[in-house]
Amino acid sequence: MGEATCGILYLAGYLRRGGIEAFVRLYDGDETEAEVTRSFESLLRRVRPKLVGISLKWFHHVDRALLIARVVRRIDPSIRVVVGGNSASYWWKELSGYDSIDHIVLGDGEVPLLALCNGEESPPNVVTRYPDGRPRRLPLAYVQRATNTDDIHYSHFDDIFLSQMDLHSFSGWVAPGKGCGENCLYCGGARGNQKADFGRAKPFLRAEENVRRDHQEIAGRTWQMRYDFAGSTAGFLSSTWAGVDLSHHCCTYFLWGVPRVELVAALAATFQRVYMVIDIGCFSEQQRLEQMGRGLLKPCAKDRELLEVIDACRKYPNLDIEISGIGGLPFASRATLAEELRLVERIIDLDCVVGYQRLEAQPGALVTEHPARFDMVTEAKSFAEFLDYFERREPGDVSVPMIRFRDAGLEAAVQQTSDRVDALAWKHRDARKSVTVQDRTRLRNTAPWTQRFTLGDWLGSHRAPAKLAGEPVTVLRSVDGITLSCAPSVSPRRFSEPTLTQGEDGAILLAALAAFEHPTTVSSAVSKLGAKARLDPYSAREVIDHLVDGRFLQPA
């Protein structure tokens, strides 16, 4: 179901080291059930698995997980279907009622999944069924801690992917540690649920050697590293980077609080570009402190501390900052809404990106389970309500159930502030990316990565028709990680694949990029495209503007 988490990749490497031939499918762009069925029919013919594991970490994917389980069961009833992850662990009772699911792995999955693959009768952490259909839950006997995770690390990246597209869908996640020690009221993965679902009362850092193995395994296969953990220090991460050249990589770090200056300096010195996302809970200091005082929010910075960090980061030209917060949290008032807006405007004036969203319902979160305590209402609480919401979404819709204030006047004021913040944030984001392109503007192809594959290698032998498997595909990545896959010799009339720019359209894009291989004025490139690709000036400018927007072309 896409790279919803990096956990499935740790599992695959663990299984491979345990003697199991494991594969991972990361790309999951099929929309209708018919498309999913066609895709899995070819996939299962290619792999012929005895067991299929489905990642259900995030609750957003519950309907997708059930659809895949249903399709696999219909194609080959002999295949055992296993689901696991945070949401699977939380909803195990409800999921155990589905005939299309054979096993549910609770909590950490490496040892339980290997035991299932080896046919052991009593795999730890696993929910199965008694003959009468009742769920049989085995104890959480396998709980990962700092003392028993020496065998958890990335490996076999040359073996586990079924296509180059799957491999290049991986965005570089590395887990420095696991767990959470906080009880934020809006989070379904907070300390209480970690204890209930994973048996883990405290977070822990993994061994430096194993995190170093992760970097060694993936550094040559990804353009960036991504992290999301509160406990990493500059010293810890520097040790895990030892011997790995990351000077041409980008880094995205999701921080749960204000970083220490030493960590900022280490990131800026190690990576070509750094994007730090600093989570401050919400943009009202008054509201933030209220929640922290009640034990409902992790430690977050005061405004003064946040502004000091932003100022300290200015000396690193390769580092950008996004300040992230949630709107519509409990204890909002007209005073806190005004405070939110003032801080957002100040952050934007400092040219920092603002990340902002309204409070969403997460299964198991305190505010989702008990909205009335905060004079709020939730759009979904039970498994059935979440499943119904996601099943009704149209393809491409990424909305989630929300939590809103019962007081209509307060809810209207919160929504008005949210709309205002959204408008400011997106206007600023667009301005940062904006490039004025005129006839005399000199542009250059700045795509840092271009590779060529056969169609069979890129899509996988299970997805590409045999008669077209040898056709060339050119894959480019922009400086922002956007991927462009062109197959100019594959007409969509012969084979249609939504992830590819095919036929004449693919040839035009490659011709436009070639026109800017060296710094070239737009007017000169338009003339070249007219002669080589038979494009009229208007169409040529449209293509150039499209490539500038994707940051494949930038001012020379």
Side-chain angles (χ1 to χ4, degrees), residues 171-172 223-228 248-255 258-259 264-265 267-268 270-280 282-283 301 303 306-327 340-358 398 417-438 440-449 476-484 513 516 519 522 541-556:
S171 63
W223 63 281
Q224 72 167 341
M225 299 290 171
R226 306 182 84 188
Y227 308 95
D228 180 3
H248 298 291
H249 284 67
C250 297
C251 171
T252 302
Y253 205 129
F254 299 89
L255 291 142
V258 170
V264 176
L267 292 169
T270 302
F271 294 93
Q272 184 179 56
R273 291 169 55 215
V274 179
Y275 192 81
M276 287 197 322
V277 183
I278 299 177
D279 180 5
I280 60 168
C282 62
F283 287 92
D303 289 357
L306 175 65
L307 296 172
E308 287 174 353
V309 168
I310 292 173
D311 185 62
C313 290
R314 287 180 174 277
K315 65 180 178 180
Y316 302 107
N318 64 332
L319 187 147
D320 281 323
I321 302 175
E322 176 180 328
I323 309 301
S324 175
I326 299 173
E340 276 191 28
L341 197 54
R342 285 196 298 271
L343 182 59
V344 165
E345 289 171 337
R346 187 164 186 185
I347 288 169
I348 288 175
D349 285 343
L350 294 172
D351 199 28
C352 292
V353 173
V354 167
Y356 184 87
Q357 64 181 46
R358 282 292 306 265
V398 294
T417 300
S418 174
D419 293 341
R420 174 64 175 152
V421 170
D422 270 341
L424 289 171
W426 284 107
K427 181 180 179 181
H428 176 240
R429 285 173 183 255
D430 290 342
R432 284 169 58 92
K433 293 174 61 178
S434 177
V435 175
T436 302
V437 177
Q438 299 173 341
R440 291 188 175 184
T441 304
R442 291 169 63 82
L443 300 175
R444 183 170 184 174
N445 179 354
T446 53
W449 182 88
L476 305 99
R477 191 190 68 244
S478 78
V479 294
D480 288 338
I482 297 172
T483 299
L484 184 64
L513 289 165
F516 291 100
V522 170
R541 278 299 302 265
E542 274 196 325
V543 172
I544 292 169
D545 289 342
H546 172 69
L547 292 171
V548 169
D549 288 343
R551 299 194 70 186
F552 291 94
L553 299 177
Q554 290 291 287

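Start at 1 with the first residue, then count along the sequence.
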CD1 on I323 to CG on L306, rounded to 0.5 Å: 4.5 Å
Return yes if a side-chain donor-acceptor contact under 3.5 Å exists between E340 and Y356, otherwise no. yes
Taking the side chain as C-beta and beyond, is there a heavy-atom pair between C251 and T270 under 4.5 Å? no
Are the side chains of D228 and V277 in touch, meaning some heavy atoms are under 4.5 Å apart? no
Identify all side-chain donor-acceptor contacts of residues 442-449 below 3.5 Å with residues at least two apart in sequence or on another chain.
unit_1	atom_1	unit_2	atom_2	d
N445	OD1	A447	N	3.0
T446	OG1	F552	O	3.3

Would you check if V522 and Q438 make a side-chain contact, meaning some heavy-atom pair closer than 4.5 Å? no
Can L547 and L484 be said to form a side-chain contact (heavy atoms from CB on, under 4.5 Å), step by step? CA-CA 10 Å; L547 292 171; L484 184 64; 4.1 Å; yes
Strictly by side chain to side chain donor-acceptor pair (under 3.5 Å), give each pair with a member in residues 344-354 just once, sequence neighbours left out. D351-H428, D351-R432
Rounded distance (nearest 0.5 Å) linking atom CG of L513 with atom CD1 of I544: 10.0 Å
Give, for atom CZ of R342 and atom CG of D303, the distance between the pair rounded to the nearest 0.5 Å. 9.5 Å
Y316 versus A268, closest heavy-atom pair with distance: CD2-CB, 3.6 Å
Distance col, row M276:CE vs E322:CD, nearest 0.5 angstrom, shows 11.5 Å
Quick check: closest heavy atoms across V264 and C313, and the distance to 0.1 Å? CG1-SG, 3.7 Å
Do D545 and V437 have side chains that approach each other closer than 4.5 Å (heavy atoms only, starting at C-beta)? yes
For the CD1 atom of I278 and the CD1 atom of I347, what is their distance to the nearest 0.5 Å? 9.0 Å
For atom CZ of R429, decide whether the heavy atoms of other residues, nucleotides or ligands shown that lie under 6.0 angstrom number more than 12. yes
Got Y275 and V353 here, is their nearest side-chain heavy-atom distance under 4.5 Å? yes
Test side-chain contact (heavy atoms from CB on, under 4.5 Å) applied to I482 and R551, step by step: CA-CA 8 Å; I482 297 172; R551 299 194 70 186; over 6 Å; no
Under the salt bridge (Lys or Arg N to Asp or Glu O under 4.0 Å) rule, collect the residues that match up with R477, sequence neighbours excluded. none
Counting C-beta onward and ignoring hydrogens, is there a side-chain heavy-atom pair between D419 and R358 closer than 4.5 Å? no
Given the rule in the side-chain contact (heavy atoms from CB on, under 4.5 Å) test, do R273 and D480 qualify, once you have shown the distances and angles that lead to the verdict? CA-CA 10 Å; R273 291 169 55 215; D480 288 338; 3.6 Å; yes
Do F271 and Q224 make a side-chain contact, defined as non-hydrogen atoms from C-beta onward lying under 4.5 Å apart? no
Is there a side-chain contact (heavy atoms from CB on, under 4.5 Å) between E308 and V258 once you walk through the steps? CA-CA 10 Å; E308 287 174 353; V258 170; over 6 Å; no
Would you indicate whether the side-chain heavy atoms of D311 and L307 approach each other to under 4.5 Å? no
Roughly how far apart are L255 CG and I321 CD1, rounded to 0.5 Å? 10.0 Å
